[in-house]
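Following: one structure in structure tokens, then a few remarks.
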Amino acid sequence: MLAGQHKSLALGLALLPLSQRLPQTHLSPKNDFVQKLQNIENLGGVISIHGRLLKHGLLGDTFISNHLLNAYLKFHRIENARLVFDEIPQPNVVSFTSLMAGFVGHQRAREALVLFGRMPVDEIMPNEFTFATAVNACSVLAHVEAGRQVHALVQTFGLGRNLVITSSLVDMYGKSNETNDARRVFDEMPDRNIISWSSMISAYAQNARGHEALELFCELLKDNRLLPNQFTYASVLNACASLGRLVAGKASHAAVIRRLPQMNEVVASALLDMYAKCGLINYSCTVFRQMETPSVIPYTAMIVGAAKHGLGRFSLELFEEMTRRGIRPNDVTFIGVLHACSHSGLVDFGIDHLNSMRERYNVVPDARHYTCVVDMLGRAGRLDEAYRLASNILVENGNDIALLWGSLLSASRTHGRLDLAVEAGNRLIEANQQVTAAYVTMSNTYAVVGNWENVHGLRTEMKKRGLQKEPGCSWVEIRSTTYVFYAGDISLCPRGAEVMHVLKELELRMRERGYTGRKGGTGMVFVDVEEEAKEAILGLHSERLALGFALVSMANGVTIRVMKNLRMCEDCHVAFKLISDIVGRDLVVRDLNRFHHFRDGSCSCVDYW
DNA sequence: AATCAAGCGT
């Protein structure tokens, strides 16, 4: 509305005869205005100068209008900025670039690209600033086709060696999950700054290629001219977290303390997330409590971390605490909260939260939230309710379908509900999602109820369709060596006999304590935890081998973590607790304490990096 | 006058 007034005023001014306009003094009010616009500290000031510019008839001046446009952007008034742009008689490349950057910064990247496309029509030549912004727009949209087109234009304009543009391209390819293209651009850069390196490290970290992220980080450290900063460490920690590499994560923590003048919230969030994913929830908590005013993101990370460790009550307390402090939960926070309820069997709390999220917090539940609730009902054995809910959710995205029906299928198998397992499995197969896993789980459900004919039938069907289960693997990180295990023959496993002995003993004790693996959720490590093919069942699951090896190492006084499929296996955590009970000592805690290098912020950790 | 990197879910 405000901007609309300006528009009509501007038209009115244009009708005034030149003589009636205020004369320009040779003291140049122009420069005066520009300086004021640059140093302005609040929106009111921008509006007042806007009015005075109108009076002086200075809005036709592209240079001044560009300053005004950017002043509006400084206070996030993207609409006002756009209206200023629309009134510039001859917008130049800076006008275009500034408004494009404004759109990108306000979740309107598509409009930035539209504006970019308008430039040739207005016969404005884009420059390096414009291209960097255009690439950034594609990056935000993860629109790799547009990104490739812009990349091609960059080459045509002879800007293929520009540092800023190429760094943006690395980021764009990374965000579009085209990691190899990101690396190609990175390798071809004539020179690189810390942003180029951080972008490439983060491209690896975000695309499940943590090993390469850490490798590249090591390479970066060899160059003494470039210092890693907060961005770099956040990505490195993210890589450690996704790999479950506690030792590297610890060392990064040490490096953060030693090498960064101060830690910001993003690094702290990455750090607490890393500790949670590597199994040290107490460390997560310590990092979290060191933050004075954590925002929604560290709160969410902590809630999710606690949930994964089976600390459902703690998750809910954290949620209470954050809302009490007036921090608004977002969609991800609720995924964490529902996840917590699901994994701690707090079904009714979970349903309450689902219902309150829209009403009280104005967060609309989507497929991911409903999937959590389906999972929660399924784990609790309330399969009919789970099925009813799942049938009523509208899911289009293949990945969402896989999560929803995959969750129901798994619960149906656990509870021996053949009817629902078949229904859920067929949904997956129809949607061409997780087809192999669906066949295997359906077949396992037939096995649970003793219907061997159908087990065999499904196996034949799989063979006919040429479906083969990829071998899963698990690994253990001991000191800084990673031991990888595949399902199969025990004789291939290092210290196989010892491993076998420990596992047998453990399984016996667990059965004595009533862990049959039929209750869902916890205690599943030892019975059918992985949906592996029947052949693998004859041998051993990779997780059991990894766990057994870890236990043997632990018995020899070695500190270990057990990992599964890139993430910490929450069931292993439960298993550790049981093992501690069985051996009558708190092995886990004692061993974790040996890692305690950080006291009072000082550090005695070896220089890993 | 305008351009590049980071953290929370499955």
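Hydrogens, waters and symmetry mates play no part in the numbers below; they use all other heavy atoms, side chains included.
- For A:Arg161 and A:Asp191, the salt-bridge test fails: no basic side-chain N is under 4.0 Å from an acidic carboxylate O.
- The base of B:dA6 is paired with the side chain of A:Asn264 by a donor and an acceptor separated by under 3.5 Å.
- For residues 287-303 of chain A, proximity to DNA chain B is found at A:Ile297, A:Pro298, A:Thr300, A:Ala301, defined as any non-hydrogen atom under 4.0 angstrom from a strand atom.
- Using modelled atom types, one finds a donor on one side chain and an acceptor on the other under 3.5 Å when comparing A:Thr300 with A:Thr333.
- Near DNA chain B, defined here as any heavy-atom distance below 4.0 Å, the residues from residues 190-199 of chain A are A:Ile195, A:Ser198, A:Ser199, listed numerically.
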Side-chain donor-acceptor distances from residues 396-404 of chain A under 3.5 Å, at least two apart:
unit_1   : atom_1 : unit_2   : atom_2 : d
A:Asn397 : OD1    : A:Asn399 : N      : 2.7
A:Asn397 : OD1    : A:Asp400 : N      : 3.1

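- Every residue two or more places apart in sequence or in another chain that forms a ring pair (Phe, Tyr, Trp, His ring centres under 6.0 Å) with A:Trp197 is listed here: A:Phe186.
- For the OP1/OP2 pair of B:dT3 and a distance below 4.0 Å, the side-chain nitrogens and oxygens of A:Asn136 include no atom meeting the criterion.
- Of the candidate nucleotides B:dT10, B:dG9, B:dA6, B:dA6 has the atom lying nearest to any side-chain atom of A:Ala234.
- Checked against B:dA6, B:dA2, B:dG9, the side chain of A:Ser98 finds its nearest nucleotide in B:dA2.
- Here A:Val94 lies in heavy-atom contact (under 4.0 Å) with a base.
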Open item on the list: Under the criterion side chain to side chain contact (heavy atoms under 4.5 Å, CB included), I'd like the reasoning laid out for A:Met376 against A:Ile351: C-alpha separation, chi angles, the key distance, then a yes or no.
Closed with: CA-CA 9 Å; A:Met376 181 171 76; A:Ile351 289 169; 4.0 Å; yes
Open item on the list: Determine whether A:Asp223 and A:Arg192 satisfy the following criterion, salt bridge (charged side-chain N to carboxylate O under 4.0 Å, His left out), listing intermediate values before the conclusion.
Closed with: CA-CA 11 Å; A:Asp223 187 339; A:Arg192 310 181 181 104; over 6 Å; no
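- Using a 4.0 Å heavy-atom criterion, one finds that A:Asp400 contacts no nucleic acid atom at all.
- No salt bridge links A:Arg324 with A:Glu317; every basic N to acidic carboxylate O contact stays at or beyond 4.0 Å.
- Not less than 6.0 angstrom separates the ring centroid of A:Phe103 from the ring centroid of A:Phe116.
- Contact annotation: A:Gln206 side-chain N/O to B:dA5 OP1/OP2 distance is not under 4.0 Å.
- A:Gln433 has its side chain out of reach of A:Arg427: every pair of non-hydrogen atoms, C-beta onward, lies at least 4.5 Å apart.
- Residue A:His369 places none of its side-chain N or O atoms closer than 4.0 Å to OP1 or OP2 of B:dG9.
- Among the heavy atoms of the strands lying under 4.0 Å from A:Gln38 are primed sugar atoms or P, OP1, OP2 only; no base atom is included.
- When distances run from any side-chain atom of A:Phe129 to the nucleotides B:dA6, B:dT10, B:dT3, the shortest one goes to B:dT3.
- Considering only the side chain of A:Asn70, B:dA2 comes nearest among B:dT3, B:dG9, B:dA2.
- For A:Val266, taking side-chain heavy atoms from C-beta onward, the closest of the listed nucleotides B:dA1, B:dG7, B:dT3 is B:dG7.
- Residue A:Asn238 places at least one side-chain N or O under 4.0 Å from the OP1 or OP2 atom of B:dG7.
- Residues from residues 165-178 of chain A placing a heavy atom under 4.0 Å of any atom in DNA chain B, listed by number, are A:Ser167, A:Ser168, A:Asp171, A:Lys175.
- Within the 4.0 angstrom heavy-atom criterion, no nucleotide atom of any strand lies near A:Asp331.
- Contact annotation: the side chain of A:Val363 never approaches that of A:Arg358 to less than 4.5 Å [non-hydrogen atoms, C-beta and beyond].
- By the side chain to side chain contact (heavy atoms under 4.5 Å, CB included) test, A:Ala411 is found to be paired with A:Leu383, residues two or more places apart in sequence or in another chain being considered.
- The base of B:dA2 does not come close enough to the side chain of A:Asn66 for any donor and acceptor atom to sit less than 3.5 Å apart.
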